[in-house]
Amino acid sequence: MNREAAQEVGQHLILYDGVCGLCNRLVTEVLARDPKGLFHFASLQSSLSRRLLEAHGKNPDVLENMYCVADYKSRSPLLLGRARAALFVISGLESPWRYLRVFGVLPTFILDAVYSVVARYRYRVFGKVDRCLMPSPDYARRFLDV
């Protein structure tokens, strides 16, 4: 699939911490469970993420949050953050992850409290990588900041 065709497939953009071990595992899992290519990726450290976050009034220097820009190529993309972003991504994946979307009935403040605990300890538990994930050639077209 050429780059133009890949751009037409991806509907949503995941903004992730490129040096976080947990985030890199998430990206790898999304790639494995998203055969339709609904999700594209950009690291929070990229200039693309910086522009998108600033356009939505978010501080691009805060790397503690995962974001998903739903319908990112449309005239009115929706920026989802933290737990709601994670649940949105999960709902678009093949099983078994999509079953976790049942947690979406919980109030956002509870979900984000759990998200904050995971975010606080993610480097300690999952480590840091010294560089952003380098996708295989099959997946490279889905990474917009490489």
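Atoms considered below: every heavy atom in the structure, side chains included; atoms not considered: hydrogens, waters and symmetry mates.
- With rounding to the nearest 0.5 Å, the separation of OH in Tyr121 from CG in Leu22 is 15.0 Å.
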Just do the side-chain contact (heavy atoms from CB on, under 4.5 Å) check on His12 and Val69 with the steps written out, would you? CA-CA 6 Å; His12 314 298; Val69 185; over 6 Å; no
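- Going from atom CG of Leu93 over to atom CG of Leu38 covers 8.5 Å, rounded to the nearest 0.5 Å.
- Remark: Glu29 engages Arg33 in a salt bridge, criterion side-chain N to carboxylate O under 4.0 Å.
- Contact detail for Pro60 and Leu63: the closest heavy-atom pair is O-CD2, 4.0 Å.
- Side-chain atoms of Tyr72 and Phe39, non-hydrogen and from C-beta on, never get closer than 4.5 Å to each other.
- The 12-atom threshold is exceeded at CD of Glu54, counting heavy atoms of other residues, nucleotides or ligands nearer than 6.0 Å.
- Taking the side chain as every heavy atom from C-beta outward, Glu94 and Pro35 approach each other to under 4.5 Å.
- With contacts defined as side-chain heavy-atom distances shorter than 4.5 Å, the pair Leu48/Leu13 qualifies.
- For the atom pair Asp17 CG and Arg122 CZ, the distance stands at 5.0 Å (nearest 0.5 Å).
- Although no hydrogens or angles enter the test, the distance criterion places no donor-acceptor pair under 3.5 Å between the side chain of Arg50 and the main chain of Ser47.
- A 4.5 Å side-chain heavy-atom check between Phe103 and Ile90 finds every atom pair outside the cut-off.
- At a threshold of 4.5 Å between side-chain heavy atoms, the hydrophobic network of Ile, Leu, Val, Met, Phe, Trp and Tyr places Val117 and Val125 in one connected group.
- For Tyr67 and His56, the ring centers are positioned 6.0 Å apart or more.
- Transitive grouping of hydrophobic side chains (ILVMFWY, heavy atoms separated by less than 4.5 Å) keeps Val114 and Leu87 in distinct clusters.
- In this structure, Leu100 is a member of the same hydrophobic cluster as Phe88, with clusters built from ILVMFWY side-chain heavy atoms closer than 4.5 Å.
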With side-chain contact (heavy atoms from CB on, under 4.5 Å) as the test, would you mind laying out the steps for Asn59 and Val62 before giving the verdict? CA-CA 6 Å; Asn59 182 350; Val62 174; 3.7 Å; yes
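- Between Ser43 atom OG and Leu15 atom CG the span is 9.0 Å, to the nearest 0.5 Å.
- Using the six-membered ring where Trp is involved, Phe41 and Tyr16 have ring planes that are perpendicular, over 60° apart on the 30 and 60° scheme.
- With sequence neighbours excluded, no residue forms a side chain to side chain contact (heavy atoms under 4.5 Å, CB included) with Pro137.
- Residues Cys68 and Ala85 share a closest heavy-atom pair of N-CB, 3.7 Å.
- Remark: side-chain polar atoms of His40 are not paired, donor with acceptor, to backbone N or O of Arg142 under 3.5 angstrom.
- Proximity of a side-chain donor or acceptor of Asn24 to a complementary backbone N or O of Cys20 within less than 3.5 Å is detected.
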Would you list the atom pairs, donor with acceptor, under 3.5 Å between side chains in residues 77-84 and any protein atom, with sequence neighbours excluded?
{"from": "Arg82", "atom 1": "NH1", "to": "Asn65", "atom 2": "OD1", "distance (Å)": "2.7"}
{"from": "Arg82", "atom 1": "NH2", "to": "Asp112", "atom 2": "O", "distance (Å)": "3.2"}
{"from": "Arg82", "atom 1": "NH2", "to": "Ser116", "atom 2": "OG", "distance (Å)": "2.2"}
{"from": "Arg84", "atom 1": "NE", "to": "Thr108", "atom 2": "OG1", "distance (Å)": "2.9"}
{"from": "Arg84", "atom 1": "NH1", "to": "Gly104", "atom 2": "O", "distance (Å)": "3.1"}
{"from": "Arg84", "atom 1": "NH2", "to": "Leu106", "atom 2": "O", "distance (Å)": "2.7"}
{"from": "Arg84", "atom 1": "NH2", "to": "Thr108", "atom 2": "OG1", "distance (Å)": "3.2"}

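- Proximity of a side-chain donor or acceptor of Ser91 to a complementary backbone N or O of Arg101 within less than 3.5 Å is not detected.
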